[in-house]
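For reference, the structure is listed below as structure tokens.
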Amino acid sequence: MKHTPMITTEFEAYLKQNNMTLAQFAEYSGVHQRTLSNWVTQRRSVSVQQLDRITKAMGLPEGYFYDLYIENYIIDLPPNMRRIEPLLYRCAELDRLDTIRRIVGHIMDNLLYSPRLFEIAETLFAQGRHAAALPLYENVADVEKYQHSERLATCQYRLFTIQIGEDQSRNLRVASVFEVFVERLDEIDQLDALKDLANVYRSMRKWDRLDETARKMKEKAKAQYTLRHQQKSRERGEAAKKLSRPMFVYITYADLLCASVCEAQGDYQQALQYTYAYANLDWVKETDEDTLHWIGLFQHWAEGNTYVYKLLSGNTSVLTDYVEFIAASTNKSDKEMVTKLLNVMLAANRYQIDVDNILRRFETEINFITQQQPSADMYTHQVVPEQSTRFKYELAKYYLNRGRYSIGFKYLLDVLSKSLAINKEAFFIRCIRLFEQFKEFADVQAHSNYETLVSKGKKYKLFYY
């Protein structure tokens, strides 16, 4: 039979080595002498807070005894949440994820502990400790997988939010798993869930799924908006607090998303109709500051997108006005800047427009876009990197078509590398085709970098010949 070491054994050895009495250690550590005595002589447990004080007084790293604490006082004993809960929070603070998984794995055979672990996970999630919350949500979801509960749906929503990253294939898997749980969420929570799903599908250019998700969000938001104005003011306020945005936004954002679907399908006239819909917000009843802020944003986006859909449909006479519109709203923190400049490049490549002066005018903004790092914000994390990659591809295409091969291949290889990193097969193949079209103009270094990236693509089965 395996012998489990005891923390008290190390503690007693420390006292002997340092020639200390319990009374002296108690005074030094701040842990009561009687507590120490009961711990050593009667094998009673100490709290995590007391253990931390003992560990610090012994000159050991934070969390040094946590694994032994689990062995001594948690495993093979009835789960004690008064002991376990503080340990989970401390492990989260110290980023001891393996220890968290070990604790949770020990107690999650019993469905009775699921509600409390869920509450702890929610607290950690609210604190931004997503990595620590992840194993708790995973275990609660696994234990409750046959319960069809709202708690299970919330766990799946949190798992979806935590696991979304730059790997688009993984994102699609995560979104597909979560999608079936949306209807089990609270009716108000469904709106944010559909918004987040829509942003993922938009970033992956899954237009059919985006269209379906956006329409569902609009239908539910309209029903909730009508219901909200039929309820008492207190009930309306409670519903509003649960949403990340004013409720009308989910209706208008759905129109904006449907317009982007039409844009992707080349139906610019229908895209304009959706744009006119979210430009007219006279029906919005609220007049608070947050509502007015969002109304202003949608009207601003509508103005810009009206230029865009006219421009992409071939009305190049609006390019000057569109450029002035961009310039009037230029700042480095503008998340939409990459999309605005992408629209210019799409039109330039589609209709052979010389936009050198425009590129020089926005040189600072272009440098910022091409060097931008990912953000924790759902939209910025998903949509902006996608648009930035498309923008650099269009820049590469523009410069290559104009015989400026050095800068063209620089952008193209950057997009090729990024597509490999985020597992974006469609972009990877488009880059290969564009490189092959102009490969006779590539220098030795560009050829070498290209061959290396293509070899990696074959290795990861990103494409096949």
Please name all residues satisfying ring-ring contact (aromatic ring centres under 6.0 Å, His included) with Phe409, sequence neighbours left out, ordered by chain then number. Phe435

Is the shortest side-chain N to carboxylate O distance from [X] to [Y] below 4.0 Å?
| X | Y | result |
| --- | --- | --- |
| Lys56 | Glu62 | no |
| Arg129 | Glu93 | no |
| Arg151 | Glu144 | yes |

Hey, are [Y] and [X] close enough side-chain-wise for a donor-acceptor pair under 3.5 Å?
| X | Y | value |
| --- | --- | --- |
| Tyr450 | Glu436 | yes |
| Tyr64 | Asp52 | no |
| Gln387 | Arg390 | yes |

Look at the aromatic rings of [X] and [Y] and report parallel, tilted or perpendicular, splitting at 30° and 60°.
| X | Y | answer |
| --- | --- | --- |
| Trp283 | Phe248 | perpendicular |
| Phe25 | Tyr28 | perpendicular |
| Phe11 | Trp39 | tilted |
| Phe178 | Phe160 | parallel |

Residue that, paired with Asp67, satisfies side-chain contact (heavy atoms from CB on, under 4.5 Å) out of Thr99, Asn72, Asp98: Thr99

Partner residues of [X] under the salt bridge (charged side-chain N to carboxylate O under 4.0 Å, His left out) criterion, sequence neighbours left out:
| X | value |
| --- | --- |
| Lys206 | none |
| Arg116 | Glu85, Glu119 |
| Lys220 | Glu183 |

Residue Gln299 excluded, over 12 heavy atoms near CD under 6.0 Å: yes

Backbone N/O of Val40 and side chain of Arg43: donor-acceptor pair under 3.5 Å: yes

Do Asn305 side-chain atoms and Val308 backbone N/O form a donor-acceptor pair below 3.5 Å? no

Less than 4.5 Å apart, side chain to side chain, heavy atoms only: is that true for Arg209 and Glu179? yes

Using a 4.5 Å cut-off on heavy atoms from C-beta on, say whether the side chain of Leu297 contacts that of His300. no

Sorted by chain and number, sequence neighbours left out, side chain to side chain contact (heavy atoms under 4.5 Å, CB included) with Asp211 holds for Arg215, Cys258, Val261

Considering residues at least two apart in sequence or located in another chain, which fulfil the side chain to side chain contact (heavy atoms under 4.5 Å, CB included) criterion with Arg430? Tyr393, Glu394, Phe427

For this output row, return yes or no: ring centroids of Phe65 and Tyr69 closer than 6.0 angstrom. no

Interatomic spacing from CG in Leu159 to CZ in Phe181 - rounded to 0.5 Å: 9.5 Å

